[in-house]
S.K.: 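Structure incoming, see below.
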Amino acid sequence: IKMSKLASFFDFIYRVGIMLILFLLFQLPPVAISIANRHPNNLWLTILLLAIFLIMVAFIIGWARRLYNQYNQLSGGHFRIGLVILGYFVLLIGMSFFGQLNMLLFHQTQTANNQAIAQMLTHNQLATVVFAISSFTLTPVAEELIFRGVLTNLFFKPDWFWPKIILSGLVFSLAHISTNIVSFCTYCFMGMVLAYVYRRSGSLKNSIALHALNNIVAMAALLKI
């Protein structure tokens, strides 16, 4: 029994370690964009940094996908457009509520995370184009693989629905810049809705589609398209 408990403990530490590494890796690609923004007139440096950005994102997606396939507890899920649309309307209502609350309590018209993204879109045109396109193509895939596909399958038993949803929301929010409790709750809510769509449908395609749709609208708003 003691050996079994010890093995379970080390397995838990191993799983936490996997998530910690993925969490830290996820923070690295935007650094390349930030550096490119400091040198908007250096085309070759920009191209090099964007190549590094894309390579890092591709590596994260590749590794997260392997982990997802290894630990996936769900099977037989299908793409459900109705659930994606419903999830988007829930996101709209929730994000609008938290946005108004953030303005009321902290006088912020947008979250610190969105402010940081907006600043990354104003200095280097080539970097802006690549980052904007990746925001609704590569980023949703990477984030859903990490925070839904891997995270919700690494912890808790397969039939523990809501603990997985809550954990996904909390960790997802930690990966985004928050300066107050409302901002933190905003991303926690978003992460929970995405996790709900994934776990309810059994297919990561649904949360990826929802995430991509949300990011397209958000990016269009930031770029004032």
S.K.: Tell me the closest heavy-atom pair linking Ala132 and Ser135, and the distance in Å.
M.R.: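 Ala132 and Ser135 have their closest heavy atoms at O-OG, 2.5 Å.
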S.K.: Would a 4.5 Å heavy-atom cut-off, applied to side chains only, mark Trp63 and Ile21 as touching?
M.R.: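 Answer yes - side chains close enough.
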S.K.: Does the side chain of Leu50 reach to within under 4.5 Å of the side chain of Phe131, using non-hydrogen atoms?
M.R.: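 No, every pair of side-chain atoms sits at 4.5 Å or beyond.
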S.K.: Under 3.5 Å, is there a donor-acceptor pair between the side chain of Thr46 and the main chain of Asn42?
M.R.: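 The answer is yes, because a donor-acceptor pair under 3.5 Å joins these two groups.
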S.K.: Are side-chain heavy atoms of Phe136 and His211 found at a separation under 4.5 Å?
M.R.: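 No, too far: nothing below the 4.5 Å cut-off.
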S.K.: Using the ring of Phe172 (Phe, Tyr or Trp, six-membered ring only), decide whether Arg148 places NZ or CZ under 6.0 Å from its centre and within 45 degrees of its axis.
M.R.: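 Checked: cation-pi criterion met.
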S.K.: Please confirm whether the backbone N or O of Pro30 pairs with a side-chain atom of Ser34, one donor and one acceptor, at under 3.5 Å?
M.R.: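 Side chain of Ser34 to backbone of Pro30, a donor-acceptor pair under 3.5 Å: yes, one is there.
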S.K.: Are Ile177 and Val171 linked, directly or through intermediate hydrophobic residues, by side-chain heavy-atom contacts shorter than 4.5 Å (ILVMFWY only)?
M.R.: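 Looking at the clustering, Ile177 is in a separate group from Val171.
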S.K.: Determine the minimum heavy-atom distance between Leu91 and Asn214, stating which atoms define it.
M.R.: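 So the minimum-distance heavy-atom pair works out to CD1-OD1, 4.1 Å.
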S.K.: I'd like to know whether Gln108 forms a side chain to side chain contact (heavy atoms under 4.5 Å, CB included) with Met103, so could you lay out the CA-CA distance, the side-chain angles of the two residues, the decisive distance to 0.1 Å, and finally the verdict.
M.R.: CA-CA 5 Å; Gln108 294 183 357; Met103 188 182 301; over 6 Å; no
S.K.: Which pair of non-hydrogen atoms, one from Ile61 and one from Leu138, has the smallest distance, and what is that distance?
M.R.: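 So the minimum-distance heavy-atom pair works out to CD1-O, 3.8 Å.
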S.K.: Are any side-chain N or O atoms of Asn206 and backbone N or O atoms of Leu83, one a donor and one an acceptor, separated by less than 3.5 Å?
M.R.: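 Judged by distance alone, no pair lies under 3.5 Å.
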S.K.: Under the side chain to side chain contact (heavy atoms under 4.5 Å, CB included) test against Leu151, which residue among Leu167, Leu170, Ile18 passes?
M.R.: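 That would be Leu167; it is the only one of Leu167, Leu170, Ile18 passing the side chain to side chain contact (heavy atoms under 4.5 Å, CB included) with Leu151.
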S.K.: Checking Lys164 against Met192 for the side chain to side chain contact (heavy atoms under 4.5 Å, CB included) test, could you report, in this order, the C-alpha distance in whole Å, the side-chain angles of both residues, the deciding distance, and whether it holds?
M.R.: CA-CA 9 Å; Lys164 292 176 180 290; Met192 288 176 64; over 6 Å; no
S.K.: Taking atom types as modelled, is there a side-chain donor on Gln110 or Asn102 under 3.5 Å from an acceptor on the other?
M.R.: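 No, no side-chain donor-acceptor pair sits under 3.5 Å.
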S.K.: So, taking the atom named OG1 in Thr186 and the one named CZ in Phe184, what distance separates them when rounded to the nearest 0.5 Å?
M.R.: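 Here the rounded value is 10.5 Å.
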S.K.: Kindly compute the distance separating CE (Met219) from OG1 (Thr139), expressed to the nearest 0.5 Å.
M.R.: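 Atom-to-atom, Met219:CE and Thr139:OG1 are 8.0 Å apart.
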S.K.: Begin from the C-alpha positions of Phe59 and Leu25 and carry the test side chain to side chain contact (heavy atoms under 4.5 Å, CB included) through to its verdict.
M.R.: CA-CA 10 Å; Phe59 173 79; Leu25 281 176; 4.0 Å; yes
S.K.: Decide whether Ile13 and Leu154 are clustered together by the hydrophobic rule: side chain heavy atoms of Ile, Leu, Val, Met, Phe, Trp, Tyr closer than 4.5 Å, transitively.
M.R.: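 The answer is yes; both residues are in one hydrophobic cluster.
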S.K.: So Tyr198 and Ser168, side-chain hydrogen bond (donor to acceptor under 3.5 Å, both in side chains) or not? Walk me through it.
M.R.: CA-CA 11 Å; Tyr198 162 56; Ser168 179; over 6 Å; no
S.K.: Is Leu145 reachable from Val16 through a run of I, L, V, M, F, W or Y residues, each pair having side-chain heavy atoms under 4.5 Å apart?
M.R.: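 They do share one cluster, since a chain of ILVMFWY contacts under 4.5 Å joins Val16 to Leu145.
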S.K.: Does Gln125 have more than 12 heavy atoms from other residues, nucleotides or ligands lying within 6.0 Å of its CD?
M.R.: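 12 or below, so no.
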S.K.: To the nearest 0.5 Å, tell me how far Ile133 CD1 sits from Ile216 CD1.
M.R.: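 One finds 11.0 Å between CD1 of Ile133 and CD1 of Ile216.
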S.K.: Is any side-chain heavy atom of Trp160 closer than 4.5 Å to a side-chain heavy atom of Phe155?
M.R.: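 Not in contact.
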S.K.: Supply the atom-to-atom distance Leu28 CG to Phe26 CZ, rounded to the nearest 0.5 angstrom.
M.R.: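 Taking CG in Leu28 and CZ in Phe26, the distance rounds to 10.5 Å.
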S.K.: Of the options Phe106, Phe189, Tyr187, which is the one that meets Phe98 in a ring pair (Phe, Tyr, Trp, His ring centres under 6.0 Å)?
M.R.: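 Exactly one candidate clears the test, Phe189.
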S.K.: Could you state the interatomic distance from CG (Leu222) to OG1 (Thr128), rounded to the nearest 0.5 Å?
M.R.: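 Taking CG in Leu222 and OG1 in Thr128, the distance rounds to 11.0 Å.
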S.K.: How long is the span from the CG atom in Leu213 to the CD1 atom in Ile208, to the nearest 0.5 Å?
M.R.: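 The CG atom of Leu213 sits 13.5 Å away from the CD1 atom of Ile208.
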S.K.: Tell me which pairs pass salt bridge (Lys or Arg N to Asp or Glu O under 4.0 Å) where either residue lies in residues 61-80, with sequence neighbours left out.
M.R.: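 Not a single pair qualifies under salt bridge (Lys or Arg N to Asp or Glu O under 4.0 Å).
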S.K.: Leu74 and Asn153: which non-hydrogen atoms are nearest, and at how many Å?
M.R.: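 Closest approach of Leu74 to Asn153: N-OD1, 4.4 Å.
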S.K.: Below 4.5 Å, heavy atoms only, C-beta onward: do Glu144 and Lys205 meet side chain to side chain?
M.R.: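 SC-SC contact between Glu144 and Lys205 ruled out.
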S.K.: Heavy-atom distance under 4.5 Å between the side chains of Arg38 and His123, does that happen here?
M.R.: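 No, side chains not in contact.
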S.K.: Determine whether Gln115 and Thr111 satisfy the following criterion, side chain to side chain contact (heavy atoms under 4.5 Å, CB included), listing intermediate values before the conclusion.
M.R.: CA-CA 6 Å; Gln115 289 175 356; Thr111 64; over 6 Å; no
S.K.: Please check if any side-chain donor atom of Tyr196 sits under 3.5 Å from a side-chain acceptor atom of Ser207, or the reverse.
M.R.: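 Absent: no donor and acceptor within the cut-off.
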S.K.: Between Ile165 and Thr152, is there a side-chain heavy-atom distance shorter than 4.5 Å?
M.R.: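 Sidechains of Ile165 and Thr152: no contact.
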S.K.: Would you name the heavy atoms of Leu210 and Gly87 that are closest together and state the gap between them?
M.R.: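 Distance-wise, the nearest heavy atoms are CD1-C, 3.8 Å.
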S.K.: Do Ser178 side-chain atoms and Asn180 backbone N/O form a donor-acceptor pair below 3.5 Å?
M.R.: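 Between the backbone of Asn180 and the side chain of Ser178 there is no qualifying donor-acceptor contact (under 3.5 Å).
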S.K.: Taking Leu194 as the starting point, is it possible to reach Ile93 by hopping between hydrophobic residues whose side chains are less than 4.5 Å apart?
M.R.: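 Ile93 and Leu194: separate clusters.
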S.K.: Any side-chain heavy-atom pair from Ile146 and Ile60 closer than 4.5 angstrom?
M.R.: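 Yes, at least one pair of side-chain atoms sits under 4.5 Å.
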S.K.: Should Ile181 and Phe97 be counted in the same cluster of Ile, Leu, Val, Met, Phe, Trp and Tyr side chains packed under 4.5 Å apart?
M.R.: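 Same cluster: Ile181 reaches Phe97 through Ile, Leu, Val, Met, Phe, Trp or Tyr contacts under 4.5 Å.
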S.K.: Indicate the atoms forming the closest heavy-atom contact of Leu126 with Ile47, along with that distance.
M.R.: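 Scanning both residues completely, I find the closest heavy atoms to be CD2-CG1, 4.2 Å.
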